[in-house]
Amino acid sequence: MKAKEIKKVAGILILIVIISLGGLLGNKVCQRNQMMRKIESIPEFNLYTLKDSLYTQQQIPQGLNTVFVYYNSECEYCNAEAEKIEENLSSFKNTQFIFVSFEKTDVIRNFALKYDLLNLTNVYFLRDKKLEFSNFFGAQSIPYLLVYSTDGKLVKRHNGVISIEELMNLL
């Protein structure tokens with residue numbers, strides 16, 4: 001091959017790579033936009049209570065702010081958030097917290113007990129035993145919070161730690 005032909009082939013390959021990357025990026029943007037539309041209001045989901053009963057969006061009590069907290073009991077940030085929520089629970093009278101984890105039931109129960117959050121009327125612990133929460137709500141990290149208003153509309157989607165002050169201000 002001559003140098004001129006090599007440059008031509010290299011140019012075509014570079015163009016193909018650029019077009020492919022642009023297509024992938026465009027696809028990611030479309031997927032993100034589609035997920036954001038999906039979670040603008042509380043989406044349909046299937047999770048499980050600690051008694052292994054199915055829990056869906058229809059069972060969420062109406063007329064309250066709703067905060068989904070996707071967490072793992074071994075995550076230090078998740079533990080800190082749970083502690084701050086427990087310490088400030090009296091400030092969240094018009095709010096329900098739905099903690100969701102993919103861990104085993106006994107691990108979830110122990111986490112709830114550790115922060116005195118089990119069996120409260122406005123705090124629920126659910127198990128993502130089929131690992132579908134990410135598909136329903138777009139979670140890409142832990143902790144992951146979704147804050148919904150009393151009419152079920154998304155107020156905030158948050159990856160990582162959120163300060164208790166910011167959470168209070170949102171609600």
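Side-chain atoms are counted along with the backbone in the values below, which use heavy atoms only and exclude waters and symmetry mates.
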Is there side-chain contact between Leu126 and Thr49, with at least one heavy-atom pair below 4.5 Å? yes
So does Gln59 have more than 12 non-hydrogen atoms from other groups sitting under 6.0 Å from CD? yes
I need the Glu40 CD to Tyr148 OH distance, nearest 0.5 Å. 9.5 Å
Enumerate, atom names and distances included, each donor-acceptor pair closer than 3.5 Å involving a side-chain atom of residues 161-171, sequence neighbours excluded.
from	atom 1	to	atom 2	distance (Å)
Ser163	OG	Glu166	N	3.0
Glu166	OE2	Lys156	NZ	3.3
Asn169	ND2	Glu165	O	3.3

Tell me if a side-chain donor or acceptor on Ser41 pairs with a main-chain N or O of Lys153 at a distance below 3.5 Å. no
Does Val123 belong to the same Ile/Leu/Val/Met/Phe/Trp/Tyr cluster as Val100, with side-chain heavy atoms less than 4.5 Å apart forming each link? no
Heavy-atom pair of closest approach, residues Phe45 and Gln57: N-OE1, 2.9 Å
Are any side-chain N or O atoms of Arg157 and backbone N or O atoms of Gly138, one a donor and one an acceptor, separated by less than 3.5 Å? yes
Residues pairing under salt bridge (Lys or Arg N to Asp or Glu O under 4.0 Å) where one sits in residues 88-103, two or more places apart or in two chains, turn out to be none
Check the surroundings of atom OH in Tyr77: do more than 12 heavy atoms from other residues, nucleotides or ligands lie under 6.0 Å from it? no
For residues Val67 and Leu146, determine if any side-chain heavy atom of one lies less than 4.5 Å from a side-chain heavy atom of the other. no
Looking at CZ of Phe125 and CG of Leu113, how far apart are the two atoms once the value is rounded to the nearest 0.5 Å? 9.0 Å
Would the Phe97 and Phe92 ring centres measure less than 6.0 Å apart? yes
Would a single hydrophobic cluster contain both Phe68 and Leu64, if residues Ile, Leu, Val, Met, Phe, Trp and Tyr are joined by side-chain heavy-atom contacts under 4.5 Å? no
For the residue pair Leu117 and Leu89, establish whether any side-chain heavy-atom pair is separated by less than 4.5 Å. yes
Ser73 and Val107 have their tightest heavy-atom pair at OG-CG1, 3.2 Å
Min side-chain heavy-atom separation Pro143-Phe99 under 4.5 Å: no
Qualifying salt bridge (Lys or Arg N to Asp or Glu O under 4.0 Å) pairs with a residue from residues 75-88, counting only residues at least two apart or across chains: Lys84-Glu87
Hey, are Asn46 and Thr56 close enough side-chain-wise for a donor-acceptor pair under 3.5 Å? no
Quick one, Tyr144 with Tyr71, criterion ring-ring contact (aromatic ring centres under 6.0 Å, His included). Give me CA distance, side-chain angles, the key distance, then yes/no. CA-CA 7 Å; Tyr144 177 76; Tyr71 76 97; over 10 Å; no
When rounded to the nearest 0.5 Å, the distance separating CD1 of Ile108 from CZ of Phe102 is 9.5 Å
Atom CZ of Phe136 and atom CD of Glu44: how far apart are they, to the nearest 0.5 Å? 9.0 Å
What distance separates Ser149 OG from Ile42 CD1, expressed to the nearest 0.5 Å? 8.5 Å
Which heavy-atom pair separates Ser141 from Asn159 by the least distance, and what is that distance? OG-OD1, 3.2 Å
Does a side-chain heavy-atom distance below 4.5 Å link Leu118 with Leu50? yes
So the salt bridge (Lys or Arg N to Asp or Glu O under 4.0 Å) pairs with at least one residue in residues 127-152 (sequence neighbours excluded) are Asp52-Lys129
Co-membership, hydrophobic cluster, residues Leu154 and Val147, 4.5 Å side-chain: no
Report yes or no: do Ile142 and Ile98 belong to one cluster of Ile/Leu/Val/Met/Phe/Trp/Tyr joined by side chain heavy-atom distances under 4.5 Å? yes
Going by the rule ring-ring contact (aromatic ring centres under 6.0 Å, His included), which residues pair with Phe133 if we only count those two or more places apart in sequence or in a different chain? Tyr70, Phe137
Within-4.5 Å side-chain heavy-atom neighbours: Thr66 and Thr95: no
Can a donor-acceptor pair be found, under 3.5 Å and without considering hydrogens, that links the side chain of Gln96 to the backbone of Tyr124? no
Which atoms form the tightest heavy-atom contact between Tyr55 and Ile60, and what is the distance? OH-CA, 3.6 Å
For Lys114, all residues meeting side chain to side chain donor-acceptor pair (under 3.5 Å), sequence neighbours excluded: Asn79
